[in-house]
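So you know, we letter chains A, B, ... as the sequences are listed, proteins then strands, and number each from 1. Keep in mind that what you see is a predicted model, and the values were worked out from it rather than measured.
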2 protein chains.
Amino acid sequence: MARPRKFDETHALTAAMETFWRRGYEATSTRNLSDSTGLGQSSLYNTFGDKRELYLRALRHYYETHTAEQTALLDRPGPAKDRLRDLMVHAVDTDLADPEASGCFTINASVEKADSDDEVREEVRRHFTTVERALAETIARGQRSGEISSERSAGTLARQILSTYYGLRVLARIQKDRDALLGIVESTVSAL
Amino acid sequence: MARPRKFDETHALTAAMETFWRRGYEATSTRNLSDSTGLGQSSLYNTFGDKRELYLRALRHYYETHTAEQTALLDRPGPAKDRLRDLMVHAVDTDLADPEASGCFTINASVEKADSDDEVREEVRRHFTTVERALAETIARGQRSGEISSERSAGTLARQILSTYYGLRVLARIQKDRDALLGIVESTVSAL
DNA sequence: CGTATTTTGGAGCGAGCGCACGGAAACTCG
DNA sequence: CGAGTTTCCGTGCGCTCGCTCCAAAATACG
């Protein structure tokens, strides 16, 4: 009934997400987005709305892919501590392997835009809450099996791990010594 | 021998620091800096060089004031765990009391600009290293007094606390529940 | 095949960006 | 008090920003 699109929306969204992730919101121009997605300006605006809306879409796309990948690591079978260690070691290796050192998009968004944009803040909160809940479930499972002490509540421990985990991802931006980062992971896991 | 300045350089630098801290590098325009410092554009450029140099000056000024304040909290007398708790509780209360929710300038800089600017990265590294070293000294003191187990090295524990501490400051941008944040602090301190 | 509908690419809009410049102003010192 | 020096303020340059618009292109349908 009309001229068909010659691009795949998900591919374009993924490209835009990577650009925002790597460069941040303010440092990314609509020309940058046009280049990385391969779409013309008019196609970008026609498909995704303005720059801010595309950023929100990108953040939600990150949730569905990368945040989901993180919780998937926790949901796998096996000892709870192994699952927690996997999550953190995976983050360390991902961050160190990235030549652009983009870190975690959620954290980046939380630092750059969550203060000034309510919708970004709510989206970031959703990411944080999802990871925290997955951590709490994993820890509760470890407590039921006796692997983890029940002295502190699963909720408190989950928030503690979440905090260490996010701190780790901030540190990994500067500290490239893998052994030092893995030392943090081991120390954290073994303290449970 | 010439016309004297009618502004105080440190005051201007403090104002510029607060603006960069609150808004980030990219979102801050030279007009914003002119407004917040009260200096005209030419005075700004004459005194501090260009925008990037002023940002670096602002980051160094943060080191001399706020990073120094953090390590000062650790250097005070008293039980090591109390010092560590003070540091983190102070950060929580500072972050929650700030209506702008600016967080920690060092972390903000590390997320927004450390990847793309070598000098920013080195400056951020200096902040991280200073806090880590102060943490290690405090922990070593606690280990000598028997207050903290010597099972893990002071260096490893310092990095673990650093990680949790920075994660806490990221979480505090979204999570405004003081009790939840203090729960993380207590759980972290008591696990030592 | 003609018409309606949507997408595409590119030119370009007003605004704001970082930064530079030049003359007036405010001091010190001979 | 005049000469020399530095700071101050306003203007504006060249550029890029986010975004819009329009005609050409590509399909579906009668």
Any residue of residues 25-48 of chain A with a heavy atom less than 4.0 Å from an atom of DNA chain D: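 Heavy-atom cutoff 4.0 Å gives A:T28, A:S29, A:T30, A:R31, A:Q41, A:S42, A:Y45.
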I'd like to know if A:R3 reaches the base of C:dT6 with its side chain such that a donor and an acceptor end up less than 3.5 angstrom apart.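 By the distance-only test, no, there is no pair.
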Between the main-chain N or O of A:A15 and the side-chain N or O of A:T19, is there a donor-acceptor pair closer than 3.5 Å?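 Yes; at least one donor-acceptor contact below 3.5 Å.
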Would you check if the side chain of A:Q175 reaches a backbone N or O of B:R159 as a donor-acceptor pair within less than 3.5 Å?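 No; zero donor-acceptor contacts below 3.5 Å.
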Which of residues 8-20 of chain B have a heavy atom under 4.0 Å from DNA chain D?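 Output list: empty, so none.
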Please confirm whether the backbone N or O of B:I148 pairs with a side-chain atom of B:K81, one donor and one acceptor, at under 3.5 Å?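 A pair under 3.5 Å: no.
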How many Å lie between NZ on A:K6 and P on D:dA24, as a whole number?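 Atom NZ in A:K6 sits about 17 Å away from atom P in D:dA24.
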Can any side-chain N or O of A:R23 pair as donor or acceptor with the backbone N or O of A:A27 at less than 3.5 Å?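 Yes, A:R23 side chain to A:A27 backbone: donor-acceptor pair under 3.5 Å.
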How about A:E9: does its CD atom have over 12 heavy atoms from other parts shown lying under 6.0 Å from it?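 Counting neighbours around CD of A:E9, more than 12 heavy atoms of other residues, nucleotides or ligands fall under 6.0 Å, so yes.
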Suppose we call two aromatic rings close when their centres sit under 6.0 Å apart. Are B:H61 and B:W21 close by that rule?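 No - the distance between ring centres of B:H61 and B:W21 does not fall below the 6.0 Å cut-off.
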Interatomic distance where NZ belongs to B:K51 and P belongs to C:dG16 [whole Å]: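 After rounding, the reported distance stands at 16 Å.
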Pair listing, ring pair (Phe, Tyr, Trp, His ring centres under 6.0 Å) test, anchored in residues 115-151 of chain A, at least two apart: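 Pairs touching residues 115-151 of chain A that pass the test: A:Y63-A:H127, A:F128-A:Y166.
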Nearest atoms (heavy-atom pairs only) where A:P77 meets A:R83: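 So the minimum-distance heavy-atom pair works out to O-NH1, 2.5 Å.
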